[in-house]
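Below you'll find the structure, written out as structure tokens, and then a few comments.
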Amino acid sequence: AQSVTQPDIHITVSEGASLELRCNYSYGATPYLFWYVQSPGQGLQLLLKYFSGDTLVQGIKGFEAEFKRSQSSFNLRKPSVHWSDAAEYFCAVGNAGGTSYGKLTFGQGTILTVHP
Amino acid sequence: NAGVTQTPKFRVLKTGQSMTLLCAQDMNHEYMYWYRQDPGMGLRLIHYSVGEGTTAKGEVPDGYNVSRLKKQNFLLGLESAAPSQTSVYFCASSSRDRDNEQFFGPGTRLTVL
């Protein structure tokens, strides 16, 4: 069974500081990996995704993530955090093919607080 | 395009009451999903549909039923609401032509007293 672990429930950073949110997954084949962001009271918005190819993927809002197969990780990074980045971030793993196409398993989420 | 819309946005039920949540998408997506979001548990898949007229159970299907009579709509029903079903419910849709990216609705906050 596929699973996702986000070890950090809550992270606090200062505005302008760098950010790394951790994500570890368990999956039996090549995974499809996603990072979503959720602002308070809103739905989820896709930040970036990895399917194959270059293991460093760029997303919206200046975010990037690196797929490391050997570590089963897909950590999200941003070099300089803005106050508007305060939100909850979800990592997800999915599969493809057959009747399970499109199913995602989400991590528990990491709440990001940004101090001025 | 409106994307994915959900009706209603908020609802309060008493234990034992029934209700239906409506999800609509205007992107002609094949796949649709219902999730519930609870603090510290991320999103958990309730039911999903890979096409009109087909549905399947997800991770937490008990107490819920779904129907997809039209490609653009996916209904989630609670036949006899329980306090444990107090949650925020999200609908999503995706297409194989869009690399499995799921597009989410704004959510429905349901409280069962």
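Sequence lines set the chain letters: A, B, ... in the order given, protein chains first and strands last, and positions in each chain run from 1. Side chains are part of it too, since the values below use all heavy atoms of this structure and drop only hydrogens, waters and symmetry mates.
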(request) Could you tell me which portion of A:Gln6 (side chain, backbone, both or neither) has an atom closer than 4.5 angstrom to a non-hydrogen atom of chain B? (result) neither
(request) Assess whether atom CD1 of A:Ile9 is packed by more than 12 heavy atoms of other residues, nucleotides or ligands within 6.0 Å. (result) no
(message) Please classify the contact of B:Leu43 with chain A as side chain, backbone, both or neither, using a heavy-atom distance under 4.5 Å.
(response) both
(message) Which heavy atom of B:Tyr35 sits nearest to which heavy atom of A:Leu104, and what is that distance?
(response) OH-CB, 3.9 Å
(request) Answer yes or no: does atom CD of B:Glu52 have more than 12 heavy-atom neighbours from other residues, nucleotides or ligands under 6.0 Å? (result) yes
(request) Using the rule that two of Ile, Leu, Val, Met, Phe, Trp, Tyr join whenever any of their side-chain heavy atoms come within less than 4.5 Å, decide whether B:Tyr64 and B:Val60 are in one cluster. (result) yes
(request) Check whether A:Tyr32 and B:Met32 end up in the same hydrophobic cluster, where Ile, Leu, Val, Met, Phe, Trp and Tyr are linked by side-chain heavy atoms less than 4.5 Å apart. (result) no
(message) Would you say CZ of B:Arg109 has more than 12 non-hydrogen atoms from neighbouring residues, nucleotides or ligands within 6.0 angstrom?
(response) no
(message) Please classify the contact of B:Glu30 with chain A as side chain, backbone, both or neither, using a heavy-atom distance under 4.5 Å.
(response) neither
(message) Let me confirm one number: the CD-CG distance from B:Gln102 to A:Leu44, rounded to the nearest 0.5 Å.
(response) 9.5 Å
(message) Give me the atom names and distance for the closest heavy-atom approach of A:Tyr36 to B:Glu101.
(response) OH-C, 4.2 Å
